[in-house]
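One structure below.
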Amino acid sequence: MLQLKWIKQNDEKVQTAADQKGINISIKELLILDEEKRKLRKKVEDLRFKRNKLSQEIGLLKRSGEDGLIEELKNKVKDINEKLLTIEFDLKNVENQFDEMMLQVPNIISEDTPIGSSDKDNVEIRRVGEPMIENKQLKDHVALGEMHDMIDIARGVKTGGSRSYFLKGIGVLLHRAVEQLAFDILIKKGLTPLEVPVMVRTDALTNTGYFPLGKDQTYKLVDENKWLVGSSEVPLVSYYANEIVDVDLPLKFSASSKCFRSEVGSSGRDVHGLYRVHQFEKVEQVVLCKADEEISNQLLLEITSNAEEILQLLELPYRVMAVCSGDMSQKTYKQFDIETWMPSRNAYGETHSSSNLLDFQTLRSNIRYRDENGELNFCYSLNNTAIASPRILIPLLENHQQEDGSIQIPKALQKYMNGMEKIVPVKMKCCK
RNA sequence: GGAGAGGUGGUCGAGCGGCUUAAGGCACUGGUCUUGAAAACCAGCGAUGGGGGGACUCAUCCGUGGGUUCAAAUCCCACCCUCUCCGCCA
């Protein structure tokens, strides 16, 4: 959410951002509603002023014992209240419409963001590592997972429905190893680790910008009237909701949590393997800082490079993309995605997403700080993936596979795998 | 799940139908005193929105939403949350 004052002064800029993000909203209409709201409110306030005055008079008369005039005054107030009733009703209506619309106003877009309509228009900024050349001998992660008895999608679907999976044996170790590696790196970088609630109230989702537009992506716990988060970004940002914080130094947090996404609207897409699943584990970084664009952009680079460092430790080829307007969400000001090479797709696939949201989330979440002059300001917030598994297992298994079917474990990961250097195929045990 | 207590500004906390325009303390800011600091004393100090060039001024805000009343932080109803005890439980 942007501040109304700011929207008024920059209505064209905001409208442009909406158009470029593909969000259907008319800022003009919003401002008309605001005008209407203010007019009605003025009327209500004037009437309330009169009522307050009369009521005070009644109080005074009562105390002095002069009861004579009281009935007359009471009737006057009753008249006012009757008028108020209809105007207040209209006001409420306009306010509701206005509030609903305000929740859909997008964040503006940074000047260096490429303009485009979909992920095809994202712009590559840099590549690190050499992609594996396509080779018929190569197996994809599903085949490798079966071969090593570490991924079982069929039984996952049998148990949990589409887009479900079991990890098994070494697969589980690997999954936990990449998480722990990422987590340790972030802690070393000074991020404070948190264990977070993944069942949250509606407010947390609205205030972090996931609702109302992303509602259909979110699982609801009907009886509890709570929701399952799709990212620990939600609880991490909400941690300081309605608080005044000290951001002389940026507040940096990380969490490792389960994430749940309904993936409504992507049926039929990425159905093969572990790419797009309903439940996964993600290590996330969230940063709160002063309302200073330079500082926040610096931090965006910092958290992005944290993610890159992890990919480098995993010895995976990747590229960094400047995400274009049409591929951005409502809340985003500036975004980098990291795509990791996935041999089975013969393409880079998105594994990380790094965003600067300015004060979009903190306005909704009401997270403020006092500046040098003692004035209250809204913080800026940023977030980025450190690692998300099992999606990262796709490039990890596929890029590190050897000709004999074994999988080389990157050095940095070995200590998290009890010193294991290589995964060798399990011998088929006679069990059927 | 059962019983009870409670939710008031940055924080603690009083108020429990009308001189509340939310007391008072703490914290914070400025000043006096002091070589400097502390202490003491004096002064200032909530948020949001509207009007005015401005000193100002008006409305709203006491967990949230309804209701009663001429008038609600205060009374009533529903919901949310916190704490204590009991029950259940990894």
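Values below: all heavy atoms of this structure, side chains included; hydrogens, waters and symmetry mates excluded. Computed from a prediction, not measured in an experiment: that's the story for all the values here. First the proteins, then the strands, lettered A, B, ... as listed; each starts at 1.
Rounded to whole Å, atom C1' of B:U48 lies 13 Å from atom CZ of A:F98. If you measure from atom CG of A:L363 to atom P of B:G49, you get 11 Å, rounded to the nearest angstrom. Straight-line distance from the NZ atom of A:K50 to the P atom of B:U57: 21 Å, rounded to whole Å. Taking atom NZ on A:K39 and atom P on B:G49, their separation rounds to 21 Å, with Å as the unit. Atom NZ of A:K43 is separated from atom P of B:G50 by 18 Å (rounded to the nearest Å). Rounded to an integer number of Å, the gap from A:N242 CG to B:U8 P is 13 Å. For the pair A:I80 CD1 and B:U69 P, the computed distance is 17 Å after rounding to whole Å. Atom CD of A:Q56 and atom C1' of B:G17 are 14 Å apart (whole Å).
Considering only side-chain atoms of A:R201, the nucleotide from B:C80, B:A71, B:U48 that sits closest is B:C80.
Figure legend. B:A27 is base-paired to no nucleotide; pairs are counted as Watson-Crick or G-U wobble with both atom distances under 3.5 Å. The nucleotide B:A90 finds no pairing partner, because no Watson-Crick or G-U wobble arrangement with both distances shorter than 3.5 Å includes it. Pair assignment for B:G46 gives B:C61, based on Watson-Crick or G-U wobble hydrogen-bonding distances that are each under 3.5 Å. Remark: B:G4 base-pairs with B:C83; criterion is Watson-Crick or G-U wobble with both hydrogen-bond distances under 3.5 Å. For B:U35, there is no paired nucleotide, since no Watson-Crick or G-U wobble pair has both relevant distances below 3.5 Å. Summarising the base pairing, B:C75 is matched to B:G67 through a Watson-Crick or G-U wobble pair whose two defining distances lie under 3.5 Å.
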May I have the list of side-chain donor-acceptor pairs in residues 7-18 of chain A shorter than 3.5 Å, sequence neighbours left out?
unit_1: A:K8; atom_1: NZ; unit_2: A:D34; atom_2: OD2; d: 3.3
unit_1: A:N10; atom_1: ND2; unit_2: A:W6; atom_2: O; d: 2.9
unit_1: A:Q15; atom_1: OE1; unit_2: A:I27; atom_2: N; d: 2.8
unit_1: A:Q15; atom_1: NE2; unit_2: A:D19; atom_2: OD1; d: 3.2
unit_1: A:Q15; atom_1: NE2; unit_2: A:I25; atom_2: O; d: 3.0
unit_1: A:T16; atom_1: OG1; unit_2: A:E12; atom_2: O; d: 2.7

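Contact annotation for A:L73: no contact, since no heavy-atom pair falls under 4.0 Å across all strands.
The separation of B:G25 from B:A14, taken at their P atoms, amounts to 15 Å, rounded to a whole angstrom. Comparing the same atom, C1', in B:A23 and in B:G46 gives a spacing of 15 Å after rounding to whole Å. Comparing the P positions of B:U20 and B:C83 gives an interatomic distance of 36 Å, to the nearest angstrom. Rounded to the nearest Å, the gap between the C1' atom of B:G18 and that of B:C12 is 28 Å. The P atoms of B:C42 and B:G54 are separated by 34 Å, rounded to the nearest whole Å. Comparing the P positions of B:U32 and B:C16 gives a spacing of 41 Å, expressed to the nearest Å. B:G67 and B:U74: their P atoms are spaced 14 Å apart (whole Å). Atom name C1', nucleotides B:G66 and B:A72: the rounded distance is 14 Å, in whole Å.
In this structure, a donor-acceptor pair under 3.5 Å is absent between the side chains of A:N96 and A:E100. Counted by atom type alone, A:E398 and A:H141 present one or more donor-acceptor pairs between their side chains at under 3.5 Å.
A search for ring-ring contact (aromatic ring centres under 6.0 Å, His included) contacts involving A:F183 returns nothing, not counting sequence neighbours. The side-chain contact (heavy atoms from CB on, under 4.5 Å) test applied to A:Q56 returns no partner, not counting sequence neighbours. With sequence neighbours left out, the salt bridge (Lys or Arg N to Asp or Glu O under 4.0 Å) criterion links A:K252 to A:E302.
Applying the salt bridge (Lys or Arg N to Asp or Glu O under 4.0 Å) test to pairs two or more places apart or on separate chains, those with a residue in residues 275-295 of chain A are A:K258-A:E281, A:E263-A:R276, A:D270-A:R276, A:K282-A:E284, A:K290-A:E372.
If you find the closest nucleotide of RNA chain B to A:L4 and to A:R368, the one lying nearer the 5' end belongs to A:R368.
Cation-pi geometry between A:R391 and A:Y275 is met: the NZ or CZ atom falls under 6.0 Å from the ring centre, inside 45° of the normal.
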Seminar exercise, completed: Whether each nucleotide of nucleotides 58-66 of chain B has a protein heavy atom under 4.0 Å at its base (B), only at its sugar-phosphate (S) or at neither (-) is summarised, 5' to 3', as SSS-----S

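The aromatic ring centroids of A:Y210 and A:W227 lie 6.0 Å or more from each other.
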